[in-house]
Amino acid sequence: MQLEFYKYQGTGNDFVMIDNRSNFFPKEDVKLIERLCDRRFGIGADGLILLENDSETDFRMVYYNSDGNQSSMCGNGGRCLVAFANQLGVIDEKTTFIATDGLHHASVGEDSIISLQMIDVDEIQQKDSYTFLNTGSPHHVQIVEDLEHYNVKDNGAAIRYGALYGEKGSNVNFVKKVDNDTFSLRTYERGVEDETLACGTGATAVAIAMNATGQTDKTSINLNVEGGKLIVSFDKNGNQFTNVFLTGPAKFVFKGTIEI
Ligand SMILES: N[C@@H](CCC[C@H](N)C(=O)O)C(=O)O
């Protein structure tokens, strides 16, 4: 069977997109999804996303990591799916869709800039050397020396598989403060089991964590990721973060068919 796919990337976090409104895709086939995401034996991507019909919103997002398993929210994937829905003519400039962590509002701007509302955050664990919070996916956030030369893969894996997070694990973000408005980060992603060029829920977690721990008093924060630049903005009331928006480019790369 020939499978039609679209490839998108958001600041270098890349995804295979499939229009599954007719419900044809074998959703439980972990090996197939892993092969489609494989950079040598398949299309190559950090994850795969199905766009499905939903009776109450514009569409449903179903997200899989490149290991073939369905997972929690993907911020960059959500932004890319909004661009895909716009390309398919499913939505115009504004949308509301459903994902695993609930409803998301989003808008399509000029030059493929997509702004996506993320979940509210009110539980933040602050420890001496790190912060942990859930922005739709779980994130460990840690400031490190010499981020440019930091071994993200080995240190990220040690934390992801270590005693702190048990079997479920966590995504792991290493951070450097550039100035009061800007932070750089590199992320080890659970389910990819490697560093990716960007992580949207990770960038969101870093922005909120940096504000919550007093590294900045800003509520609109620039994030330098390996694949480009993102902006995270929010309203803050005590330890409650609402109206959280993740904004950045989401670009169509190519479409094709693959034998499955
Ligand atoms: N790349 C994503 C995060 C995807 C989910 C993550 N790998 C997990 O399983 O927790 C993003 O942009 O947020």
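The chain is numbered in sequence order, starting from 1. Remember, predicted model here, so these are calculated numbers, not experimental data. Both counts, for ligands and for their atoms, begin at 1 and track the order of listing.
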Using atom types as modelled and distance alone, determine if a side-chain donor or acceptor of Asn243 lies under 3.5 Å from a backbone N or O of Phe234.
-> no
Glu123, CD atom: more than 12 neighbouring heavy atoms under 6.0 Å = no
Should Ile49 and Tyr64 count as side-chain neighbours, where that means a heavy-atom distance under 4.5 Å?
-> no
Contact check, side chains of Pro26 and Leu32, non-hydrogen atoms, under 4.5 Å | yes
Could you tell me whether Phe15 and Tyr8 have their ring centroids closer than 6.0 angstrom?
-> no
N or O contacts of ligand 1 with protein under 3.5 Å, please list pair by pair.
residue  : atom   : partner : partner atom : Å
ligand 1 : 1 (N)  : Asn13   : OD1          : 2.9
ligand 1 : 1 (N)  : Glu189  : OE1          : 3.0
ligand 1 : 1 (N)  : Glu189  : OE2          : 2.9
ligand 1 : 7 (N)  : Asn65   : OD1          : 3.0
ligand 1 : 7 (N)  : Asn171  : OD1          : 3.4
ligand 1 : 7 (N)  : Glu189  : OE1          : 3.0
ligand 1 : 7 (N)  : Arg190  : O            : 2.7
ligand 1 : 9 (O)  : Asn65   : ND2          : 2.8
ligand 1 : 9 (O)  : Ser71   : OG           : 2.6
ligand 1 : 9 (O)  : Arg190  : NE           : 3.3
ligand 1 : 10 (O) : Ser137  : OG           : 3.4
ligand 1 : 10 (O) : Asn171  : ND2          : 2.7
ligand 1 : 10 (O) : Arg190  : NE           : 3.2
ligand 1 : 10 (O) : Arg190  : NH2          : 3.0
ligand 1 : 12 (O) : Asn13   : OD1          : 3.2
ligand 1 : 12 (O) : Gly75   : N            : 3.4
ligand 1 : 12 (O) : Asn76   : N            : 2.9
ligand 1 : 12 (O) : Gly200  : N            : 2.6
ligand 1 : 13 (O) : Gly75   : N            : 2.7
ligand 1 : 13 (O) : Gly200  : N            : 3.4
ligand 1 : 13 (O) : Thr201  : N            : 2.8
ligand 1 : 13 (O) : Thr201  : OG1          : 2.6

Going by the angle between their ring planes, with limits at 30° and 60°, are Tyr130 and His140 parallel, tilted or perpendicular?
-> parallel
